[in-house]
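Scroll down for the structure; my scribbles are underneath it.
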2 protein chains.
Amino acid sequence: MYIGGIEAGGTKMICAVADESMTVIDQTSIPTTSPAETLAAIFAFFAPYPMRAVGVGSFGPIGIDPHQSTYGHILATPKAGWQHMDVVGALKNQWPDTEIIWTTDVNAAAYGELRLGAAKGKSSCVYMTVGTGIGAGVVRDGELFQGIGHPEIGHTFVKRHPDDTYPGTCPYHHDCLEGLAAGPSLEGRTGIKGQDLREDHPIWDLQAYYIGQALVNITLTLAPEKIILGGGVMNQPHLLAKIQEAFVQQMAGYMETPPVNEYITTWALPNQSGITGCLLLAQEKVAQK
Amino acid sequence: MYIGGIEAGGTKMICAVADESMTVIDQTSIPTTSPAETLAAIFAFFAPYPMRAVGVGSFGPIGIDPHQSTYGHILATPKAGWQHMDVVGALKNQWPDTEIIWTTDVNAAAYGELRLGAAKGKSSCVYMTVGTGIGAGVVRDGELFQGIGHPEIGHTFVKRHPDDTYPGTCPYHHDCLEGLAAGPSLEGRTGIKGQDLREDHPIWDLQAYYIGQALVNITLTLAPEKIILGGGVMNQPHLLAKIQEAFVQQMAGYMETPPVNEYITTWALPNQSGITGCLLLAQEKVAQK
């Protein structure tokens, strides 16, 4: 018997199969097209492997409260065809004897980093991805953090930089954190794609100002032992130090944290945090039985 | 044997003694002056009552991590004489056989409201006080929420209202939430004390804009089942409806919550949430034995 992981993204579905000791047997990446086509490809990939449990870390927002009828669904996503899609229902229908563990992509990544990555040995962390969007996953007391919903820290409001007049890109809130600081804002502000921006472009200071400020708010609200940054924008190696500096400056000594270069780091499992977390969640569900 | 509660504020110390069924036997309010004088008065009040446990909800910031040497201390408070005061140490010294439960004033109030007040029957809530300062306590899965520190949501940054040029009152951050929206900002902006401001003064819309926005950020980060507002500024009975409206407007439909008039309410135990929470924490410590 095997365990599975599905990191369900709006662009691609990363699928992996492992044995119960977490050795990966097979892995693939499936483009996210229509739900029917995508699910058919996922089922075909997993068909040779009878699985006891599958961990799914999904793009969102998703229904996460087991007491509500929207549990297991993708909710109001802009991704065409996936609005209100009952993902867990479709998986249970195909695999009636397989346990499905359902959380957000960023919660899965936070879990992967806590157990096997940058927060190994800690009992709490926040993982923030800065890419096409901004999202954060939270682990606390070793467990996924979810309430009536899952954290949607990307859409929290932040204090605008006094020199910044950019309207923001968020269709809901315009100038929330994601609207002001996700990947599209870099190109929106400069006309240059994020990955082509020179290291000395002043946009990086503004980017660090917003991410650093969001990490202050996260620290003052969740008080995690560690914060881990990942995602496409974090591939800029000079950005971490700027964010650490912006964090220290804006915290202004108010709350004590571990030294900033230990407290805020980049991911230890680049591009693998999410799928690793999905497999771990499946493995642990099996171990509990 | 008795249980005790101390709601330790920067202005006064509310002390209460109860029997183990939570019936209050004696209660007093002691002005907060120097630590030596204040503690002597506290010890004199409790002297007739041998206590098994005392719950303390303190003004802060406070050291909350039992693994650190600052546990039980008041940290960098502006309150003269109380900086780095080892409160738990002083209480343990006086009462070596009494269990001391130590948390923030707002965590204690959140706990009181969850168990016996506006969030009764829920397993999670956030309690926010809006008064001389702004603070928030968090209960989750029925327990106090604390990490490497306790939540300090009053000092999170918020998006400034486009028409607002007030510099803010926070000595650390200037225009954080507390700097822009605590009681002193009302008088600072208008020249009129908060309690004397007319109900139709436009300042209340600005006040509601900031508090409502902070509740959006709290919802997107902590996803509690309920948010409860208390403190002096909330004595304005017209303010709640404005805050609810500002919350709905700024959330912009992004995350589903319970209906706003159930989700965001004022305290059910006005001015008693904190001391009630302190006594409950003591009672439960005794019950665990």
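In what follows, chains carry the letters A, B, and so on, assigned in the order in which the sequence lines appear, proteins first and then strands, with residues in each chain numbered from 1. Please read all numbers here as calculations on a predicted model, not as lab measurements.
For the set Gln146(A), Lys159(A), Glu256(A), the entry with the most heavy-atom pairs within less than 4.5 Å of chain B is Lys159(A). Options Met255(A), Glu225(A), His173(A), Gln250(A) differ in how many heavy-atom pairs under 4.5 Å they form with chain B, and the most are formed by His173(A). Note: Asn217(B) leads Leu177(B), Asn217(B), Thr219(B) in heavy-atom pairs under 4.5 Å with chain A. With chain A as the partner, the residue from Ala76(B), Pro224(B), Pro61(B) showing the most heavy-atom pairs under 4.5 Å is Pro224(B). Contact count versus chain A (heavy atoms, under 4.5 Å) is highest, among Ala214(B), Ala136(B), Ser123(B), Pro151(B), for Pro151(B).
Note: Asp105(B) CG to Ile62(B) CD1 = 8.0 Å, rounded to the nearest 0.5 Å. In this structure, CG in Leu75(B) is found 9.5 Å from OH in Tyr254(A), a value given to the nearest 0.5 Å. Atom OG1 of Thr77(B) sits about 6.0 Å away from atom CD of Gln83(B), to the nearest 0.5 Å.
A donor and an acceptor atom, one from each side chain of Tyr209(A) and Asp164(A), are nowhere located under 3.5 Å apart.
By the 30° and 60° cut-offs, the orientation of the rings of Trp82(B) relative to Phe59(B) is perpendicular. The aromatic rings of Tyr263(B) and Phe247(B) lie tilted to each other, with the angle between the two planes from 30° to 60°.
Using a 4.5 Å cut-off between heavy atoms, Val216(A) touches chain B through its side chain atoms alone. Neither the backbone nor the side chain of Ser124(A) comes within contact range of chain B; no heavy atom of the residue lies under 4.5 Å from a heavy atom of that chain.
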